[in-house]
Amino acid sequence: MSDIYLQQQIVYVTHREPSFYLFIVLLTIRSSTDAVTLTGSSEYAVPGSEFTLTCDVPEEANSDQLYRRPDVTAVASIQIAGSQCYNTATVPPVLCSPDVCSCTTTSTNYGTVFQWVIQPQTGDHGSVWFCRRSNPSLPEADRIVESPDYTLNVADSPGTVTLSPPGTTYTRTEGDTLPDITCTADCRPGCTFVWTKPDNTNFTASAVLSLGQLDRSEHGTYRCTARNVVGESTTTTSVTVQYGPGTVTLSPPDTTYTRTDGDTLPDITCTADCRPGCTFVWTKPDNTSFTASAVLSLGQLVRSEHGTYRCTARNVVGELTTITSITILYGPSTVRLTPSTTSYTPIEGHAIPTVTCSSDCNPVCTYSWAKDGQSHKTGSDLQLTNIQRGQTGVYMCTASNGYGSRTSSDVSVTVNYGPGDSISFQPRQDVLDRVENQTVPDIVCSADCEPPCTYIWSKAGTTYINPLSVSTAIRGNAGQYTCTATNSVSQGTNTWNLIVRFPPQIVNLSYTQGDADVTENGSKSLVCYVESYPPSTIQWYFKANNTVLLTTPDVLDSTYTLAAAVCLDTGVYTCSARNSVSNMEATRDININVLCKPHPYEVTDYNQAISISTSAKLILPAVFISNPKPSFTWTFQNSKLTPATELLNGIDNFYVQNKFVMMNLSAVSEGTRTDIQEIWFGLYNATATNSQGSTMISFMVQEKQSPSFPKRLTVGCAKPYAAKVSWKDGGHAQYYQVFFSTDEFLQSNQPYPVTVTEKEAGRVMYSLDINNLEGGQLYYFKVAAFNEYGNTTSLDAVGCTVQQALSCGSDSMYITGLVLICVAVVTLLCTVGLGIFIKRNGGLPFLKCRHPHPGEIQSVQLSERRNVNEAHTKTDREEEGLQYEQLDTNAIAKPSVYSETGSHHHGYQNNPVNDGQYESLGRRFTENVYDECQSRTSGNKGIYVNTTNAGSAANSGECKTAFG
């Protein structure tokens with residue numbers, strides 16, 4: 001620790017027991033009195049000068065100690081005794097003197113302010129002090145209180161003054177910016193700074209010298225002085241401001257001299273203000289240095305010395321020039337051209353360089369240009385821009401003034417140009433129209449060119465010489481010919497067209513994809529390419545009937561698409577082309593082959609019924625449209641209880657004859673059976689099969705016979721004045737007639753004027769309401785069955801008494817109730833019976849009534865009279881009916897893979913007309929493929945052919961088939 005000097009005494013610091021200081025610290029921590037402060041007499045203490053530390057005690061104290069950290073040891077102490085302040089740091093204690101210590105006391109022998117005078121040194125800067133007061137009269141916790149720490153600041157004089165930037169010499173050019181120069185020094189307290197100008201006047205009271213953009217007046221040495229309470233320090237920097245010549249003056253000051261050859265010019269002296277000093281150079285009018293001196297000395301003048309002379313003053317900063325003009329008067333001697341070229345060959349539309357005419361003249365000459373001896377323009381420049389061929393010629397320039405004139409050498413200009421659009425033909429026509437094989441004249445190509453052009457003809461990569469010689473108009477020569485005219489400037493073209501008209505020729509007819517085959521309902525596209533001029537009208541035909549399918553005018557190709565192809569679209573298709581050159585048309589054929597499975601030809605029902613007599617000849621023609629050719633299989637089924645068997649040609653009197661006509665895709669398989677027997681009645685199936693599928697036609701062949709007896713005849717008279725007659729079909733009936741009698745058909749036999757027809761195939765039970773009968777009368781009824789072969793009458797007659805209308809009486813309610821009960825029971829029974837009937841027969845019977853013709857009724861032969869009670873007695877054979885009464889053709893047709901047939905009464909389940917399977921040859925040929933059947937009388941053993949109307953077949957004789 002540095003020594004602390006008190007006035008005339010040395011204060012020694014002694015160490016005391018740690019327990020004592022710990023006690024004081026604890027008391028300080030526990031004190032809750034007002035704060036004790038320690039302050040200095042100023043912000044900074046000057047080294048070696050007196051400095052007062054004052055301890056302010058808000059509450060009175062009888063003693064106060066001064067401490068310096070880090071050693072917590074009292075360096076000074078003041079004790080109050082008898083209102084006097086004692087310095088107890090000495091032994092023995094002495095009264096405080098003003099230069100050592102002092103205090104402010106109260107009347108109670110306590111003090112409130114305690115002061116010590118110290119003489120700090122530079123090394124004491126930053127030392128930490130505090131004071132501690134004691135008052136034994138206060139509570140024990142508040143007897144000792146310490147002040148907060150006080151840091152002693154000791155002033156220090158400025159040391160070395162430094163500059164930033166650190167340079168002390170600056171050389172700059174006038175107008176440059178000098179960076180700010182900052183003056184710094186280590187001072188405590190901080191210094192003030194003053195910059196002094198070169199003329200020793202204060203420049204700025206700042207640490208920063210900021211001159212900014214320099215001028216020559218700021219040249220010199222600048223001083224920076226740093227001062228504080230302790231002292232000051234100074235440093236300098238030198239600023240050199242360089243500048244070039246500001247003005248250059250001449251002596252004599254004249255800047256223009258006019259003289260004639262031989263005159264003497266006085267010397268001219270050049271001066272300027274520069275730092276550093278300038279050098280001087282005089283430059284001649286031709287820009288060559290004349291002399292490295294400030295003096296221009298020409299002496300006696302000649303014309304070559306005419307012009308402007310420049311004096312340049314120069315130093316490291318810059319240079320400045322002044323001029324003086326010496327004018328010598330004379331006429332032109334020679335005329336110069338710039339550029340010196342005397343011959344030009346520009347391309348038309350381009351330009352030649354500007355030709356400038358000049359001469360050494362004083363005063364200045366005037367200039368004029370002439371072309372081919374004729375005045376062209378005035379002025380020294382010959383400018384030919386966007387030059388045209390008419391500007392070709394020889395140009396000359398003349399220079400003149402008051403002292404004479406001269407003429408330049410000739411300038412020759414020849415304008416070159418290409419053919420442009422000047423190309424023409426002889427004969428003068430751009431298009432020549434010829435019919436093939438006519439004569440074509442030679443065509444000469446020419447153009448206006450400089451230099452002259454060469455000519456070449458071309459067409460589609462082939463070149464020809466000029467003139468173009470085609471000779472004969474053939475289609476290979478037709479087209480556009482181009483004449484190209486070429487010279488060194490450019491080339492141009494013009495076209496000449498030869499049109500050769502010729503009739504069409506079909507060059508290609510093909511399928512857009514694949515070959516001729518197309519599956520049924522598919523599409524096939526044909527494309528026809530034609531070579532002709534002008535373009536042709538192309539038509540497509542279906543050759544079989546010469547039908548126009550598509551017409552396309554003014555084309556060289558045409559495409560026809562057959563969409564949703566059907567079997568009869570198979571055939572030859574013709575592409576025909578024609579144009580205006582010839583009346584003849586070009587044609588070519590192509591085939592389309594539509595692959596389809598066999599389809600019955602003009603058959604609306606795949607299941608056909610045929611009635612034929614025993615021992616007659618049966619002919620079954622199965623006609624199909626098919627592509628490709630099908631194979632045929634015939635089967636026969638005697639009843640639904642027997643399996644179907646294949647019929648072989650020549651076995652069991654059955655013969656098969658097959659025929660396929662590719663022209664119309666007709667495929668016929670004719671099955672013939674001679675001497676038909678009862679066992680050969682049944683279902684015949686003809687199946688046609690090819691690669692596209694198969695189809696079956698069925699023939700139900702049954703014996704031709706009169707209708708069987710109606711069976712199970714019943715009658716009911718539940719309604720007033722009416723009877724309900726019901727019966728079962730005996731077989732082969734087409735319609736029914738009900739007869740009634742009041743005497744069991746002994747004398748009376750009256751028909752009911754309504755007939756019942758078979759509306760639904762396969763129907764078994766029938767009924768008819770007989771109205772307008774006489775009440776209370778017993779009536780007998782019979783049923784007659786009719787078909788084309790005859791009629792039969794039911795064996796039995798049934799009867800009932802027709803009721804009268806009920807009368808009103810006392811028992812009306814009883815009768816009404818009884819009737820309601822009966823109706824309920826009958827309704828229940830009918831419902832149950834109807835359900836069973838529907839389940840067995842697959843549907844409800846429907847009636848269709850018609851009034852019979854009188855002749856039909858008269859021809860009815862009623863059966864013999866039978867007892868009414870025997871009406872329900874039937875024999876076993878009557879119950880069985882005919883052999884095919886229960887024949888199910890659906891079951892018979894099951895062996896066929898490709899089609900199912902229903903009962904011959906119900907018809908085919910899928911209507912071929914609706915399904916689009918019906919094929920008609922009429923769309924392709926007007927004549928029928930098969931011969932029409934011709935009727936002839938043959939008796940009961942005639943040959944019958946199946947048709948859509950079994951009745952007409954039965955009445956016809958032998959029919960001639962497609963096989964003859």
Side-chain angles (χ1 to χ4, degrees), residues 341 343-352 372 384-394 412-508 529-536 554-557 577-582 584 586:
T341 304
S343 180
Y344 294 92
T345 56
I347 297 173
E348 187 175 34
H350 290 196
I352 65 171
D372 296 333
L384 298 177
T385 60
N386 191 24
I387 196 165
Q388 301 300 311
R389 61 192 69 180
Q391 292 174 294
T392 295
V394 176
S412 175
V413 178
T414 302
V415 179
N416 290 343
Y417 51 91
D421 57 358
S422 68
I423 300 175
S424 61
F425 305 114
Q426 188 63 37
R428 293 183 175 276
Q429 57 186 113
D430 295 337
V431 179
L432 184 62
D433 190 332
R434 289 289 187 270
V435 176
E436 194 169 30
N437 297 321
Q438 288 182 338
T439 302
V440 178
D442 290 347
I443 308 299
V444 179
C445 180
S446 61
D448 179 18
C449 315
E450 179 62 39
C453 285
T454 59
Y455 302 91
I456 191 75
W457 287 86
S458 63
K459 172 181 175 288
T462 303
T463 58
Y464 308 88
I465 63 174
N466 189 42
L468 175 65
S469 181
V470 177
S471 298
T472 304
I474 60 176
R475 67 187 66 182
N477 292 337
Q480 187 178 78
Y481 291 80
T482 300
C483 175
T484 302
T486 306
N487 67 1
S488 59
V489 177
S490 65
Q491 71 176 22
T493 62
N494 197 1
T495 58
W496 177 83
N497 289 276
L498 175 60
I499 297 175
V500 179
R501 293 180 289 114
F502 55 93
Q505 177 183 354
I506 298 176
V507 295
N508 183 266
Y529 294 96
V530 175
E531 181 179 305
S532 71
Y533 193 84
S536 298
D554 298 325
V555 293
L556 293 177
D557 63 84
R578 176 183 295 177
N579 68 3
S580 59
V581 177
S582 172
M584 298 296 293

key: Side chain Trp496, main chain Gln429, donor-acceptor under 3.5 Å   = yes
ask   = What do you reckon, is CG of Asp430 surrounded by more than 12 foreign heavy atoms closer than 6.0 Å?
value = yes
query = Could you state the interatomic distance from CD1 (Ile347) to OG (Ser490), rounded to the nearest 0.5 Å?
reply = 8.0 Å
Side chain proximity check, Asn437 to Ile474, heavy atoms < 4.5 angstrom = yes
Sequence neighbours excluded - side chain to side chain donor-acceptor pair (under 3.5 Å) pairs with any residue from residues 477-488 = Thr486-Gln491
request  = Compare all side-chain heavy atoms of Leu498 with those of Lys459 and state whether any distance is below 4.5 angstrom.
outcome  = no
message = So does Asp433 get a backbone contact from the side chain of Arg501, meaning a donor-acceptor N/O pair under 3.5 Å?
response = no
message = So, using side chain to side chain contact (heavy atoms under 4.5 Å, CB included) as the criterion, who are the partners of Ser582 when residues are at least two apart?
response = Pro503, Met584
query = Is the shortest heavy-atom distance from the side chain of Ser469 to the side chain of Asp442 under 4.5 Å?
reply = yes
ask   = Does Asn466 reach the main-chain N or O of Cys445 with its side chain, forming a donor-acceptor pair under 3.5 Å?
value = yes
query = Does OH belonging to Tyr464 count more than 12 external heavy atoms closer than 6.0 Å?
reply = yes
request  = Check whether any side-chain heavy atom of Ile443 lies under 4.5 Å from a side-chain heavy atom of Trp457, and answer yes or no.
outcome  = yes
key: Pairwise distance SG(Cys453) to CD1(Ile423) - rounded to 0.5 angstrom   = 7.0 Å
task = Might you work through the side-chain contact (heavy atoms from CB on, under 4.5 Å) test for Val470 and Leu432, ending with a clear yes or no?
result = CA-CA 12 Å; Val470 177; Leu432 184 62; over 6 Å; no
query = Are the side chain of Glu436 and the backbone N or O of Arg475 linked by a donor-acceptor pair below 3.5 Å?
reply = yes
